[in-house]
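First the structure, in the form of structure tokens, and then the observations on it.
Fair warning: this is a prediction, and the values are worked out from it, not measured in the lab. In listed order, ligands and their atoms are each counted from 1.
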Amino acid sequence: MKEIKNFINGEFATNLSGKVFEKRTPIDNSLVGKVYEAGRPEVDAAVNAAHAALEGDWGRLSVNDRVKLLDGVADEINHRFDDFLQAEIADTGKPVHLASHVDIPRGAANFKIFADTIKNASTESFRMATPDGKDALSYAVRVPRGVIAVVCPWNLPLLLMTWKVGPALACGNTVVVKPSEETPSTATLLGEVMNKVGVPKGVYNVVHGFGPDSAGAFLTSHPRVNGITFTGETGTGTAIMKAGAEGIRPVSLELGGKNAALVFADCDFEVAVNTVTRSVFENCGQVCLGTERVYVERPIFEKFVNALKAKAEGMKPGRPDDPATKIGPLVSQEHRAKVLSYYERAREEGATVVTGGGIPDMPIDLQEGAWVQPTIWTGLPETAAVVREEIFGPCCHIQPFDTEDEVVRMANDTPYGLATSIYTRDLGRANRLAVRIDVGLCWINSWFLRDLRTAFGGSKQSGIGREGGVHSLEFYTELRNIMVKY
Ligand SMILES: NC(=O)C1=CN([C@@H]2O[C@H](COP(=O)(O)OP(=O)(O)OC[C@H]3O[C@@H](n4cnc5c(N)ncnc54)[C@H](O)[C@@H]3O)[C@@H](O)[C@H]2O)C=CC1
Ligand SMILES: O=Cc1ccc(S(=O)(=O)O)cc1
């Protein structure tokens, strides 16, 4: 049976406790491997190794040498593309076309992009006159924060982990990564890459386990961790922010969402339907930026609902490597139970189930997998649970609207503020609304179009801080001001 180990100080390590947990694939519930859960001793060892690396070779590397190593990491991920692809697919069940176009290439690109960013980052300087008639120059340098805890979710495991590890290492920090218990494989594989490329031991560490009373909590409460970057649920973000408060450690939080799409009657109908289809159903609805609330201007409401229904019904579930597969399973049986409980709740609250609402008929060999039907509801009030709470499944509620003010009010009526998308040919209106909706990211006639130099993050309860491009430097470095009198 495959063993998935912790990666500490450049070596694959089991644990002192002997505790292991099973990782099963959501495709058919077969065993992927057994994972060694890190306890306090392993987390201590990882954090200590990360500090030693900062004080050793890694801390002494020039930016250019660091950047060369990170370019090498990206090249080696690409070289082992198929290993990463198979590992990601086994953990998540996502279709090959998705993982091979998004997850793995972006996982590699995250190292190159931040290597470039750090090479080209400038800092401020000011010349001033001193009271005694001389000159002084203030200039700033960026210094790494130290050891960064990187706590990751399961929806885009390699992409979202490297989105943090890339900039953290580019800035000269060391990291201890806690992957999601649902997706331990690619973070572990990255340890092999780090060794192959010659990244000094202790720079990249991985500890496996769960949240409370396990590796996640041991890591985030560790007094020698200097900063915590977290992607996951808002409730977990609250716990992590409390852990960061002890010792005044900075936190960067990318949290949940309940994103709205606004579709106006003057939109390019085909673009709107195709793009909303992606934003609702891609990765089986398990994308933090995905749409779960769709607002459609009344004159095209019926036509839009019917078109999205046809798209949803065309999404064939199946094995990741089957070219006919359009949608994979949810990540786990546990997550499926949560999504199905919302499907039930929608019915209880009086929704019209336009399509879906249950488990699809699957061939016998896939029946133990975590499959659910793509689902669309209409007819619910804005107070209904499925309209208010993040479900993180392939589903949405579609609501008609009549005026701009009404749709802005509904879009903003949520504690979350991650992303929105607006479909209209009237760019004046689109830009006007983009600033009225309280979100960190707004797309116009598009979705998931990312320029990685730009700021990424959520407003309200969707997060704190911005990462991406030079914005990542704000979290992964500290500015030190140096004043020279001459
Ligand atoms: N805003 C963003 O950029 C993104 C947000 N997400 C959000 O992530 C969620 C789905 O991911 P999940 O893995 O279910 O999130 P989660 O919050 O349950 O878990 C995320 C990670 O935190 C760890 N964890 C849980 N409790 C902890 C604790 N008390 N202390 C330390 N670590 C703890 C877990 O083991 C896992 O590694 C959704 O809410 C989604 O919206 C997902 C991707 C991107
Ligand atoms: O699921 C959340 C998510 C998806 C993509 C990105 S990014 O492309 O790295 O910006 C971030 C979060």
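Residue contact annotation: G458 has no non-hydrogen atom under 4.0 Å from ligand 1. Using a 4.0 Å heavy-atom cutoff, A215 is absent from the residues neighbouring ligand 1.
Using modelled atom types, one finds a donor on one side chain and an acceptor on the other under 3.5 Å when comparing T229 with K164. A donor atom on one side chain and an acceptor atom on the other are not found under 3.5 Å apart for T291 and N259. In this model, a donor atom of one side chain and an acceptor atom of the other lie less than 3.5 Å apart for T186 and E88.
Here the heavy atom of the protein found nearest to atom 43 (C) of ligand 1 is N155 ND2, 3.3 Å. Summary of contacts: the protein heavy atom closest to atom 21 (C) of ligand 1 is C152 O, 3.2 Å. Nearest non-hydrogen protein atom to atom 1 (N) of ligand 1 is L255 O, 2.6 Å. Protein heavy atom nearest atom 32 (N) of ligand 1, with residue, atom name and distance: G216 CA, 3.6 Å. Shortest contact from atom 10 (C) of ligand 1 to any protein heavy atom: F392 CE2, 3.7 Å. Protein heavy atom in closest approach to atom 11 (O) of ligand 1: P153 CB, 3.4 Å. Taking atom 39 (O) of ligand 1 as the reference point, the nearest protein heavy-atom neighbour is E390 OE1, 2.6 Å. The protein non-hydrogen atom at the shortest distance from atom 15 (O) of ligand 1 is E233 N, 3.5 Å.
The distance criterion of under 3.5 Å between nitrogen or oxygen atoms is not met by T234 with respect to ligand 1. Between W154 and ligand 1, an N or O atom pair is found at a separation short of 3.5 Å. For C288, no nitrogen or oxygen atom sits less than 3.5 Å from a nitrogen or oxygen atom of ligand 1, counting backbone and side chain alike. Any N or O atom pair closer than 3.5 Å counts here, and K178 shares at least one such pair with ligand 1. Among the atoms of T236, some N or O lies under 3.5 angstrom from an N or O of ligand 1.
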ring-ring contact (aromatic ring centres under 6.0 Å, His included) for F21 and Y36? Distances and angles first, verdict last. CA-CA 7 Å; F21 61 93; Y36 287 88; 9.5 Å; no
What's the verdict on ring-ring contact (aromatic ring centres under 6.0 Å, His included) for Y343 and W377, showing C-alpha distance, side-chain angles and the deciding distance? CA-CA 9 Å; Y343 284 13; W377 304 290; 5.7 Å; yes
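Taken from OG1 in T275 to CG in L449, the straight-line distance is 10.0 Å, to the nearest 0.5 Å. With values rounded to the nearest 0.5 angstrom, T477 atom OG1 is found 6.5 Å from I118 atom CD1.
For T162, the side-chain hydrogen bond (donor to acceptor under 3.5 Å, both in side chains) partners two or more places apart in sequence, or in a different chain, are N110.
Listed by atom number, the atoms of ligand 1 under 4.0 Å from F456 heavy atoms are 3 (O). Close approach of ligand 1 to P179 is summarised as follows: ligand atoms under 4.0 Å from at least one heavy atom of the residue are 37 (O). The ligand atoms of ligand 1 that sit less than 4.0 angstrom from a heavy atom of A217 are 30 (N), 31 (C). For ligand 1, the atoms closer than 4.0 angstrom to any heavy atom of L418 are 1 (N). Residue contact check: S180 has heavy atoms under 4.0 Å from atoms 37 (O) of ligand 1. If you number the atoms of ligand 1 from 1 as listed, the ones under 4.0 Å from a heavy atom of F210 come out as 35 (O). Residue V151 has at least one heavy-atom neighbour below 4.0 Å for each of these atoms of ligand 1: 21 (C), 22 (O), 23 (C), 32 (N), 37 (O). For ligand 1, the atoms sitting less than 4.0 Å from at least one non-hydrogen atom of L160 are 43 (C), 44 (C), numbered in the order shown with element in parentheses.
Inside a 4.0 Å radius of atom 19 (O) of ligand 1 there is not any protein heavy atom.
Remark: K258 engages E292 in a salt bridge, criterion side-chain N to carboxylate O under 4.0 Å. K112 has a carboxylate O that lies under 4.0 Å from a charged side-chain N of D75, or vice versa, which qualifies the two as a salt bridge. The pair E3-K34 meets the salt-bridge criterion, since a charged nitrogen lies less than 4.0 angstrom from a carboxylate oxygen. Classification of R319 and D321 as a salt-bridged pair fails, no side-chain N sitting under 4.0 Å from a carboxylate O. A salt bridge does not link K19 with E42: every distance from a Lys NZ or Arg NE/NH1/NH2 to an Asp or Glu carboxylate oxygen is 4.0 Å or more.
At a heavy-atom distance under 4.0 Å, no atom of L219 approaches ligand 1. Under 4.0 angstrom from ligand 1, the non-hydrogen atoms of F230 all belong to its side chain. The residue A243 has no part lying near ligand 1, judged by heavy-atom distances below 4.0 Å. In S214, neither the side chain nor the backbone holds a heavy atom less than 4.0 Å from any atom of ligand 1.
Tested against D413 for a salt bridge (charged side-chain N to carboxylate O under 4.0 Å, His left out), the candidates R388, R293, K460 yield a single pass: R388.
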Going by atom type alone, with no hydrogens or angles, which donor-acceptor pairs under 3.5 Å involve a side-chain atom of residues 172-184 and a protein atom two or more places apart or on another chain?
{"unit_1": "N173", "atom_1": "OD1", "unit_2": "R145", "atom_2": "N", "d": "2.7"}
{"unit_1": "N173", "atom_1": "OD1", "unit_2": "G146", "atom_2": "N", "d": "2.9"}
{"unit_1": "N173", "atom_1": "ND2", "unit_2": "A168", "atom_2": "O", "d": "2.9"}
{"unit_1": "N173", "atom_1": "ND2", "unit_2": "Y476", "atom_2": "O", "d": "2.8"}
{"unit_1": "T174", "atom_1": "OG1", "unit_2": "A50", "atom_2": "O", "d": "3.0"}
{"unit_1": "K178", "atom_1": "NZ", "unit_2": "E181", "atom_2": "OE1", "d": "3.3"}
{"unit_1": "K178", "atom_1": "NZ", "unit_2": "G209", "atom_2": "O", "d": "2.7"}
{"unit_1": "S180", "atom_1": "OG", "unit_2": "E182", "atom_2": "N", "d": "3.0"}

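The contact shell of ligand 2, taken as protein residues with any non-hydrogen atom closer than 4.0 angstrom, comprises R106, N155, L156, L159, L160, W163, V287, C288, L289, F448, R450, F456.
Listed by first and then second residue, the ring pair (Phe, Tyr, Trp, His ring centres under 6.0 Å) pairs that reach into residues 144-171 are F114-W163, W154-H335, W154-F392, W163-F456, sequence neighbours excluded.
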